[in-house]
Amino acid sequence: MNILQKEFYNRSPLEVAVDLLGKIVVRKLDGQIITGRITETEAYLASSDEASHSFKGKTPRTQSLFLDAGHAYIHSMHTQNCFDIVTESIDVPSSVLIRALEPLEGIETMKKLRGKEELKDLTSGPGKLCKALSVTRSLDGIDLTKDNSELFIIDDGFVVQSVVKAKRIGISKAKEHEYRFYIKDNIYVSKK
DNA sequence: AGGAAGATCTACT
DNA sequence: GTAGATCTTCCTA
C-alpha cells in the first residue's frame with residue numbers, strides 16, 4: 001500500500017485537487033474496510049477566496065483548516081457532513097473538498113449506511129460519500145498520512161485519462177473560479 | 001436569545 | 001427544475 005504523505009498535500013490546493021483524482025479513499029470501520037476511488041474534487045484557497053470557510057479567519061469550527069498538510073477538515077452542512085483534506089503549510093488554511101467517489105470495496109456496508117441500492121447513488125456527492133463511509137465530525141482534524149488511521153488515501157497507480165475543469169458547485173460567493181475537477185466521462189460525479 | 005446562512009439531499013411536479 | 005427539510009455555526013442585540 002502506498003499511502004499519500006505530507007509532501008503530496010503540501011502544495012497548492014489546485015494541484016492537489018487534480019492529483020487526488022483517481023486516488024483511493026480508505027475507511028476502516030469496526031474492522032471493515034470501505035474504499036472508493038476519487039472522481040471529483042474542489043479546491044478552496046487560503047486567501048482571496050470568499051467561498052472558503054477560512055475567509056473570515058479562524059473559528060472553533062474551522063480550526064482544522066489551519067493544521068499542517070494531510071489532515072482532515074470535516075464540517076457539517078445542513079444535515080450532512082463534508083470531507084476536506086488540508087493542503088499547504090501550518091496556518092495556511094487551504095483545502096481540497098472530496099465531492100464524489102466510485103465505490104470499490106465494502107459496497108454492502110455503503111448501501112446499508114446510505115439506505116440506497118443504486119451504485120451511482122452511494123457516493124456521488126460530498127454529503128452522500130460521508131454517509132456511505134461513516135465520516136463524521138469525530139474524525140475532524142485527524143492525520144490522514146498514517147496507516148493506523150481510520151481514514152487515509154492511497155495511490156494504486158491508477159492513471160486518469162482526462163480531467164475536466166469546471167466551476168464550483170453549491171456556493172454563493174466567488175463562483176466564477178474554475179476550481180472544480182472531475183474525471184471525464186465517469187458516471188460517479190455529482191453533476192456534469 | 002434569536003435569526004439567518006450555508007461547500008446538501010430528496011422528492012415531487 | 002424547484003421547493004422543502006433540517007441542523008450546526010456564527011453574528012447581532
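Below, read A as the first sequence line, B as the second, and so on, with proteins coming before strands; counting in each chain starts at 1. Worth saying up front: this structure is predicted, and the values here are computed from it rather than measured.
- Taking only side-chain nitrogens and oxygens, A:Ser190 never comes nearer than 4.0 Å to OP1 or OP2 of B:dT8.
- Put simply, A:Lys56 has no side-chain N or O that comes within less than 4.0 Å of OP1 or OP2 on B:dA5.
- With B:dT10, C:dC10, B:dT8 as the choices, the nucleotide that has an atom nearest any side-chain atom of A:Pro60 turns out to be C:dC10.
- Counting to the nearest Å, the P atom of B:dA7 and the NE2 atom of A:His177 are 14 Å from each other.
- Summarising the local packing, NZ of A:Lys175 is surrounded by 12 or fewer heavy atoms from other residues, nucleotides or ligands at distances under 6.0 Å.
- At B:dT8, none of the side-chain N or O atoms of A:Thr79 fall inside 4.0 Å of OP1 or OP2 (strictly under the cut-off).
- Inspection of the A:Ser94 and A:Thr87 side chains reveals an N or O donor paired with an N or O acceptor under 3.5 Å.
- Nearest to the side chain of A:Gln80, among B:dC9, C:dT6, C:dT9, sits B:dC9.
- Across C:dT8, B:dA7, B:dC9, the shortest atom-to-atom separation from the side chain of A:Lys128 is found for B:dC9.
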Check step by step if side chain to side chain contact (heavy atoms under 4.5 Å, CB included) holds for A:Ile74 and A:Thr136. CA-CA 7 Å; A:Ile74 297 160; A:Thr136 65; over 6 Å; no

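- For A:Arg99, the listed nucleotide lying nearest its side chain is B:dA7; candidates were B:dG6, B:dA11, B:dA7.
- Considering only side-chain N and O atoms, A:Arg114 lies nowhere under 4.0 angstrom from the phosphate OP1 or OP2 of B:dC9.
- The base of C:dA5 does not come close enough to the side chain of A:His78 for any donor and acceptor atom to sit less than 3.5 Å apart.
- By the 6.0 Å and 45° rule, A:Arg37 does not stack over the aromatic ring of A:Tyr188.
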